[in-house]
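Before any comments, here is the structure.
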Amino acid sequence: MKVSAHPAGGRTAARAKAVRRRRLTVYAARLLVLAVVLGAWELTARNGIIDPFNFSMPSKIWDQIVQWTLHGTPQGSLGEQIWYTLYEALLGWVFGVAGGVVLGIALGRVRFLADVFSPYIKVLNALPRIALVPVFLILFGLGPASKVASAVVLVFFPVFFNAFQGAREVDRNLVANARILGASNRRVTLQVVIPSATSWIFTSLHVSFGFALIGAIVGEYLGAAKGIGLLISASQGTFNTAGVYAAMAILAVVALLTEGLLTFAERKLFRWKPGGSGAGE
């Protein structure tokens, strides 16, 4: 006697197949858009429609990346420059995230602290933080410390405000139930508030790492011994437009890889959430 497959299993398989098909279609469309943009850029530069001196062209940019990869840069190997910038950005990102989460949760939980520090936070947030980079260079020199400080001030505020809002948006019923069960303020914060605010915090992490890279790059551009920002500055100083774009392309790849890692971690952490992050991809 032949047993027919369960209808629910068939629907699940069909949905999984549709998701895979859509994902492949999205990836193919992304590659097509990239190919069209690069192809149009190359053709317009070669035919003189745009100035190849100012805009370069993808083939020259690729040649520059290959040259740096095989023969190194004037400041050392390409891998060393990438790691130097990534190290500064990662360190600044970690410190900025840690400070933003701790202070955001603390001020979100304790209204008195929020009332006291609110005007200071608003004033500091209103400052043009990129303008602080020269100050950090004066204070900490041309080493990694000034770039890390620049990354920290750019990362801190988006993480702080998301953590603060996440702590404020916690379901009051959950907090009340925890207190009824005898939970202390510490346990409520650790076991109710922080888990509830995690999705808010992760939202800021995607944006904040880009800010960390910006802080490191701007610091290196203004003064450094190594790094992608120095590559951009040196290429600009020698009118090497292809080098400027090549360094920017390398930075974009680093940012995309890091974003992919963050998205992967978020999906693993929030597997329980229906329609969570990335559900629409």
Side-chain angles (χ1 to χ4, degrees), residues 64 68 72-104 106-107 113 116-164 204-241 243-255 258-259:
Q64 181 67 79
W68 281 344
T73 70
Q75 293 77 36
S77 69
L78 179 60
E80 187 179 11
Q81 312 312 307
I82 295 173
W83 168 245
Y84 200 77
T85 298
L86 193 58
Y87 167 76
E88 295 165 344
L90 279 173
L91 208 56
W93 183 72
V94 169
F95 288 146
V97 167
V101 169
V102 171
L103 290 179
L107 269 64
L113 291 178
V116 171
F117 289 102
S118 174
Y120 300 105
I121 295 292
K122 291 177 181 177
V123 168
L124 291 174
N125 185 47
L127 292 176
R129 291 184 288 280
I130 289 295
L132 295 174
V133 176
V135 177
F136 292 142
L137 286 172
I138 295 172
L139 290 175
F140 303 116
L142 299 180
S146 57
K147 287 71 176 178
V148 171
S150 303
V152 168
V153 297
L154 288 175
V155 168
F156 172 82
F157 287 98
V159 176
F160 168 81
F161 285 116
N162 273 44
F164 177 82
S204 66
L205 296 188
H206 293 278
V207 178
S208 62
F209 188 78
F211 288 157
L213 282 174
I214 291 172
I217 290 296
V218 172
E220 292 172 350
Y221 183 85
L222 294 178
K226 296 177 183 178
I228 301 297
L230 181 59
L231 280 182
I232 296 174
S233 178
S235 298
Q236 181 187 26
T238 57
F239 300 100
N240 179 10
T241 312
V244 174
Y245 284 108
M248 293 172 63
I250 293 168
L251 186 63
V253 171
V254 171
T258 308
E259 169 69 17

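The CD1 atom of I228 sits 10.0 Å away from atom OG of S235, with the distance rounded to the nearest 0.5 Å. Remark: E88 CD to S150 OG distance equals 9.0 Å, nearest 0.5 Å. For the atom pair CG of L231 and OG1 of T73, the computed distance is 5.0 Å after rounding to the nearest 0.5 Å. Taking CZ of F117 as the start and NZ of K122 as the end, the distance is 14.5 Å to the nearest 0.5 Å. Separation of atoms CG (N125) and CZ (F160) is listed at 9.5 Å; rounding is to 0.5 Å.
With sequence neighbours left out, L91 forms a side-chain contact (heavy atoms from CB on, under 4.5 Å) with Y87, F95, V148.
In this structure the side chain of F157 reaches within 4.5 angstrom of the side chain of L124, judged on heavy atoms. Using a 4.5 Å heavy-atom cutoff, the side chains of Q81 and T85 are not in contact. Side-chain contact between I121 and L103 is absent, with no heavy-atom pair separated by less than 4.5 Å. For the pair L154/I130, a side-chain contact is recorded, criterion being any heavy-atom separation below 4.5 Å from C-beta on. Looking at V94 and V155, their side chains never come closer than 4.5 Å, going by heavy atoms from C-beta outward. Within the 4.5 Å cutoff, the side chain of Y84 has heavy atoms near those of the P144 side chain. Between W93 and L213 the shortest side-chain heavy-atom distance does not fall below 4.5 Å. Residues F209 and V97 form no side-chain contact, since every pair of their non-hydrogen atoms from C-beta on lies 4.5 Å or further apart.
Across all non-hydrogen atoms, the minimal contact from G219 to V133 is CA-CG1, 3.6 Å.
Looking at K147 and E220, no side-chain N of the basic residue comes within less than 4.0 Å of a carboxylate O on the acidic one, giving no salt bridge.
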